[in-house]
Amino acid sequence: MKLVTWNVNSLNVRLSHLLRWLEENPVDVVCIQETKLTDDKFPLAALEAAGWHVAFSGQKTYNGVAILSRQPLADVVRNNPRYPDEQQRILAATIGDLRVVCAYVPNGQAVDSEKYVYKLGWMAALRDWLAEELARHPNLAVLGDYNVAPEDRDVHDPAVWEGEVHVSPRERAAFQALLDVGLTDSFRLFEQPEKSYSWWDYRMLRFQKNQGLRIDHILLSQPLVARCTACTIDRAPRKWPQPSDHTPVIATLAEA
DNA sequence: ATGGCGCTTCGCAAGCGA
């Protein structure tokens, strides 16, 4: 089965991209970030017509997350129960024998800004909650836009980015703390092309020059690591007209 | 050093993203 994470940067604008990509790519679970839609505006009918079970949690203008699944979703949880948050950034659901968490980690804006402090606190609370989720659900997959490039090889030019938001030592430590509860970055289980990224700035021809960051990740608990046979980034939709600045990341799991 | 682009909104400029 295939699990996907994709920050669509407005589901309103990108619905046609999403539907096209889903037609071209037979997958089972899709975690979406930055829907930027209140729940009353969510395109539920279009996605159900395409054969998806859907859970979503949105707000006006910013953030918003959704999970699409070929199988029914159960035990849907909005937000981190340990961290009251007006911003809609987390959705969890049980799908078959998997517990799936869709996460949109705060951007952080600039190191030491108010938003950066929020990001670090938010990630620490996520870690605490994921430790509990993992105890309840050994088959845990956490997919999302983490807004952290874990290592220098995930950054097109580490010298330019040194100390900046997305790569700062405290953000990388907060990301490592997520792994330390018992999760693994599935992308690095496998040989990967050099200069693999999942986001490129719209400006300055960053995509054409492949000057990006790898900030969208699929983290797997140990039993799922044992089942994981591939993790890839699909750059194709970034080349379509009016693309999201992020591109899908796909993990493949063998049946238990 | 700056801005470049794109999306959003009680739009016509500004906040935010990354």
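To find a chain, count down the sequence lines: A is the first, B the second, and so on, and within it residues start at 1. Just the heavy atoms: all of them, side chains too, but no hydrogens, waters or symmetry mates, feed the values below.
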| request: With heavy atoms under 4.0 Å as the rule, sort A/Y104 into base, sugar-phosphate or nothing. | output: sugar-phosphate

| field | Span that lies between the P atom of B/dA1 and that of B/dA14, in whole angstrom | value | 25 Å

| message | Using whole Å, what does the distance between atom P of nucleotide B/dA18 and atom CG of A/D154 come to? | response | 16 Å

| said: Regarding A/I215, tell me which of base, sugar-phosphate or nothing describes its non-hydrogen contacts under 4.0 Å with the strands shown. | reply: sugar-phosphate

| query | What interatomic distance, in whole Å, is found between C1' of B/dG6 and the corresponding atom of B/dG11? | reply | 15 Å

| field | Secondary structure of DNA chain B in dot-bracket form (Watson-Crick or G-U wobble, distances below 3.5 Å, | marking inter-strand pairs) | value | ....(((((...))))).

| query | Using atom P of each nucleotide, how far apart are B/dC12 and B/dT2 to the nearest Å? | reply | 26 Å

All N/O contacts under 3.5 Å from nucleotides 11-14 of chain B to the protein, with atom names and distances to one decimal?
none

| In terms of hydrophobic clusters joined by side-chain contacts under 4.5 Å, are A/V105 and A/L130 together? | yes

| field | Main-chain N/O of A/K195 paired to A/N210 side chain as donor or acceptor, under 3.5 Å | value | yes

| field | B/dC10 versus B/dC5 - spacing of their P atoms, nearest Å | value | 25 Å

| task | Might you confirm whether atom CD of A/Q208 has over 12 heavy atoms from other residues, nucleotides or ligands at distances under 6.0 Å? | result | yes

| message | Once you apply a heavy-atom cut-off of 4.0 Å, does A/N63 come out as touching a base, just sugar-phosphate, or nothing? | response | nothing

| message | For A/H17 and A/V8: C-alpha separation, side-chain torsions, deciding distance, then whether side-chain contact (heavy atoms from CB on, under 4.5 Å) applies. | response | CA-CA 9 Å; A/H17 277 206; A/V8 297; over 6 Å; no

| message | Rounding to an integer number of Å, can you tell me how far A/R172 CZ sits from B/dA18 P? | response | 17 Å

| query | If we take the P atom in both B/dT9 and B/dG4, what is their distance in whole Å? | reply | 22 Å

| message | So, applying side chain to side chain donor-acceptor pair (under 3.5 Å) with A/Q33, which one of A/D145, A/T5, A/N7 is it? | response | A/T5

| query | Looking at side-chain heavy atoms only, is the closest gap between A/D234 and A/V4 below 4.5 Å? | reply | no

| message | Looking at A/N147 and B/dA18, is any side-chain donor or acceptor paired with a base atom of the opposite kind under 3.5 Å? | response | no

| said: Are more than 12 heavy atoms, taken from residues, nucleotides or ligands other than A/E162, located less than 6.0 Å from that residue's CD atom? | reply: no

| field | Flag, side chain of A/R14 to backbone of A/N9, donor-acceptor distance under 3.5 Å | value | yes

| Would A/E133 and A/R136 pass as an ion pair if we require N to O under 4.0 Å? | yes

| Within-4.5 Å side-chain heavy-atom neighbours: A/P158 and A/V167 | no

| remark: Protein heavy-atom contacts under 4.0 Å, written 5' to 3' over nucleotides 1-9 of chain B as B (base), S (sugar-phosphate only) or - (none), form the string --BBBSSSS

| query | If you measure from the Lys or Arg side-chain nitrogens to the Asp or Glu carboxylate oxygens, is any gap between A/D185 and A/R214 under 4.0 Å? | reply | yes

